[in-house]
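What follows is a single structure, written as structure tokens, with notes after it.
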Amino acid sequence: MSSRDPGRERGRHPAPRPVHRRPSQRLFAAVLPPPSAVAELRTAVAPLHALPGAQDLRWTRPGDWHVTLAFYGDVPDEDVRPELEARLGRAAHRTEPFRLRVHGAGRFGGRALWAGAAGGLDALRLLAERADAAGRRSGVPLEEHRRFTPHLTLARSRAGAELRPFTEALAGFEGQGWEAGELSLVRSELPHSGVPGERPRYAVVRAWALGR
């Protein structure tokens, strides 16, 4: 018998081992406004679409409006997500429901236009801190902690835009109060079609009632 390794014969190489990638989902924690709050904000935002430069902005879908508490990025389903969900559940149960309303508007430079929030902001910030801590303690590699600015993103601009006319037009908006009674874990699905301006789609993965 030959002592040669068949895999080392001329012209032959060992087959590469398959690479098994653990499935992951792009996730964030959020508070979602009720349909009534979305409807009144949608009415207030509609005239902004007629302002100069509005056609150059990427407007978010009203059904996707939310207040982001913590952004986790790609979370492995098997290793991290069960721990993350368990910790988010505990964070929700430790936080009592609180009142919120959509209030005024703001911008992040020329990149993002948003509507603000008012009401139980201390409770909202506490919930955001707990959602952030849930990610870090679960092993999610989060970015450096930044100052929390409660907002609902209305439009974005890749190139940068003059957003001051939009914030001024929405500055006086005061929505009706509503009770924030739920913490949601949301999946963000990035577009794969390559169509310019196509927006990600959001889906609630799981939600927990606030309080005990």
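What you see is a predicted model, and the numbers here were worked out from it, not measured in a lab. The first residue of the sequence shown is numbered 1, and numbering continues consecutively from there.
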- Message: Less than 4.0 angstrom from a charged side-chain N to a carboxylate O is my criterion; do E189 and R187 meet it?
- Response: yes
- Message: Between H66 and Y202, is the ring centroid distance below 6.0 Å?
- Response: yes
- Same cluster or not: are F148 and V102 linked, directly or through other Ile, Leu, Val, Met, Phe, Trp or Tyr residues, by side-chain heavy atoms under 4.5 angstrom apart? yes
- Task: Take atom CZ of R90 as the centre, draw a 6.0 Å sphere, and report whether it contains more than 12 heavy atoms from other residues, nucleotides or ligands.
- Result: yes
- Task: Establish whether L32 and L124 are linked, either directly or via other cluster members, by ILVMFWY side-chain heavy-atom contacts under 4.5 Å.
- Result: no
- Which word best sums up how the rings of F108 and W114 line up, parallel for under 30°, tilted for 30 to 60°, or perpendicular for over 60°? tilted
- Query: Can you tell me if T60 uses its side chain to pair, donor with acceptor, with the backbone of L154 under 3.5 Å?
  - Reply: yes
- Message: Give me each pair satisfying salt bridge (charged side-chain N to carboxylate O under 4.0 Å, His left out) with a member in residues 165-174, each pair once, sequence neighbours excluded.
- Response: R101-E174
- Query: Partners of H49 by side-chain contact (heavy atoms from CB on, under 4.5 Å), sequence neighbours excluded?
  - Reply: V45, W59
- Query: Is the side chain of Q176 donor-acceptor paired with the backbone N or O of A37 at a distance under 3.5 Å, no angle test?
  - Reply: no
- Quick one: does E182's side chain have a donor or acceptor within less than 3.5 Å of a partner on S184's backbone? no
- Message: So that I can tick it off, tell me whether E83 and R87 are bridged by a salt bridge, with the cut-off set at under 4.0 angstrom between side-chain N and carboxylate O.
- Response: yes
- Message: Is a donor from one side chain sitting under 3.5 angstrom from an acceptor on the other, for S36 and W178?
- Response: no
- Item | Path from V186 to V75 over hydrophobic side-chain contacts below 4.5 Å | no
- Item | Flag for R130-T95: side-chain donor and acceptor within less than 3.5 Å | yes
- Query: With a 4.5 Å heavy-atom cut-off, do V204 and L185 have their side chains touching?
  - Reply: no
